Amino acid sequence: AQSVTQLGSHVSVSEGALVLLRCNYSSSVPPYLFWYVQYPNQGLQLLLKYTSAATLVKGINGFEAEFKKSETSFHLTKPSAHMSDAAEYFCAVSDMDGTSYGKLTFGQGTILTVHP
Amino acid sequence: SQTIHQWPATLVQPVGSPLSLECTVEGTSNPNLYWYRQAAGRGLQLLFYSVGIGQISSEVPQNLSASRPQDRQFILSSKKLLLSDSGFYLCACDFGSGNTIYFGEGSWLTVV
């Protein structure tokens, strides 16, 4: 069984500060890992994904994440926060064994607030 | 281009009434399709997925059903809505990738 834990349901940063959103996963097989962003009253937008290529993954809007197998982590970072980054962020995992049909297991989400 | 259309965007329905949410996708053939629900206190939950026409798998027991009458059409239904069916329903599609899911804009359902 897979699971995802996002540490911190709310994260608050100042504009221009480092953004770090934490995600740890549990999977019995090699995982695919994803970060999605959700703005109020909208669907989820894919930020980035890890699918067994480079462990440091770059996504849209200046975000990146690093897959660390030894730590079972896939933390999301951005060097300098912008006001427009305020949203809810979801980490998700699916199996890489070809039988999961792309089904995702999501973390509970982290709401990012950016202060001017 | 690859797009996901969901409608209606917002719906308010009385308890016991039927439901039909529709999703169509463009820019792909034979995709995997999914219905997720986002409800307060329950996070994002996979309800149904489909790997082809007429093929539906249910992930959780519930008051809802899904159908896929055409390759790029996915419908979520209920015969009698419950208060607990309220939530934000998201259709998703892998556009043939098999490993990356993209979401539509969602449908807000309030059962009163």
Side-chain angles (χ1 to χ4, degrees), chain A residues 1-10 23 25 27 29-53 57-60 65 67 74 87-111, chain B residues 2-11 21 23 25 28 30-52 55-60 66 68 74 87-110:
Chain A
Q2 299 169 309
S3 65
V4 176
T5 301
Q6 290 183 238
L7 299 176
S9 58
H10 291 80
C23 172
Y25 70 91
S27 178
V29 298
Y32 290 124
L33 292 159
F34 306 83
W35 276 99
Y36 289 86
V37 60
Q38 186 178 32
Y39 298 99
N41 299 316
Q42 294 185 24
L44 276 70
Q45 181 181 10
L46 180 66
L47 272 179
L48 50 79
K49 64 180 180 181
Y50 166 76
T51 56
S52 80
V57 180
K58 295 186 183 297
I60 62 172
F67 172 65
F74 191 56
E88 189 164 16
Y89 292 80
F90 291 92
C91 182
V93 63
S94 71
D95 284 338
M96 200 182 287
D97 65 358
T99 63
S100 68
Y101 302 107
K103 294 180 290 180
L104 295 172
T105 299
F106 283 90
Q108 289 300 305
T110 299
I111 296 173
Chain B
Q2 295 176 330
T3 56
I4 302 172
H5 300 285
Q6 275 189 251
W7 70 93
T10 305
L11 197 59
L21 299 179
C23 171
V25 300
T28 186
N30 196 32
N32 290 338
L33 298 173
Y34 312 82
W35 279 110
Y36 282 83
R37 177 172 60 197
Q38 191 173 23
R42 287 185 282 172
L44 275 153
Q45 184 181 41
L46 176 63
L47 302 176
F48 301 95
Y49 72 94
S50 172
V51 301
Q55 300 178 63
I56 309 295
S57 296
S58 175
E59 289 294 293
V60 293
R68 185 170 176 176
F74 204 25
F88 191 43
Y89 289 82
L90 292 155
C91 179
C93 177
D94 74 342
F95 292 109
S97 71
N99 61 39
T100 303
I101 294 177
Y102 301 87
F103 287 83
E105 287 302 307
S107 297
W108 276 106
L109 170 65
T110 303

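Just so we're on the same page: letters track the sequence lines, and every chain starts at 1. No experiment lies behind these values; they were computed from the predicted model shown.
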Q) Of the backbone (N, CA, C, O) and the side chain (C-beta and beyond), which part of Asn32(B) lies under 4.5 Å from a heavy atom of chain A, both, or neither? A) side chain

Q) To the nearest 0.5 Å, what is the distance between CG (Leu104(A)) and CG (Leu44(B))? A) 9.5 Å

Q) Where on Leu46(B) is there a heavy atom nearer than 4.5 Å to chain A: the side chain, the backbone, both, or neither? A) side chain

Q. Quick one: salt bridge (Lys or Arg N to Asp or Glu O under 4.0 Å) partners of Glu59(B), sequence neighbours excluded?
A. Lys103(A)

(Q) If you compare all heavy atoms of Gly43(A) against all heavy atoms of Leu90(B), which two are closest, and at what distance to 0.1 Å? (A) CA-CD2, 3.7 Å

Q | Closest heavy-atom pair and its distance - Leu44(A), Phe103(B) | A | O-CB, 3.5 Å

Q: Please state whether the side chain, the backbone, both or neither of Leu46(A) comes within less than 4.5 Å of a heavy atom of chain B.
A: side chain

Q. Checking heavy atoms, do the side chain of Gln42(A), its backbone, both or neither come under 4.5 Å from chain B?
A. both

Q) Checking heavy atoms, do the side chain of Gln38(B), its backbone, both or neither come under 4.5 Å from chain A? A) side chain

Q) Where on Gln45(A) is there a heavy atom nearer than 4.5 Å to chain B: the side chain, the backbone, both, or neither? A) neither

Q.
Is the shortest side-chain heavy-atom distance between Tyr32(A) and Thr100(B) below 4.5 Å?
A. no

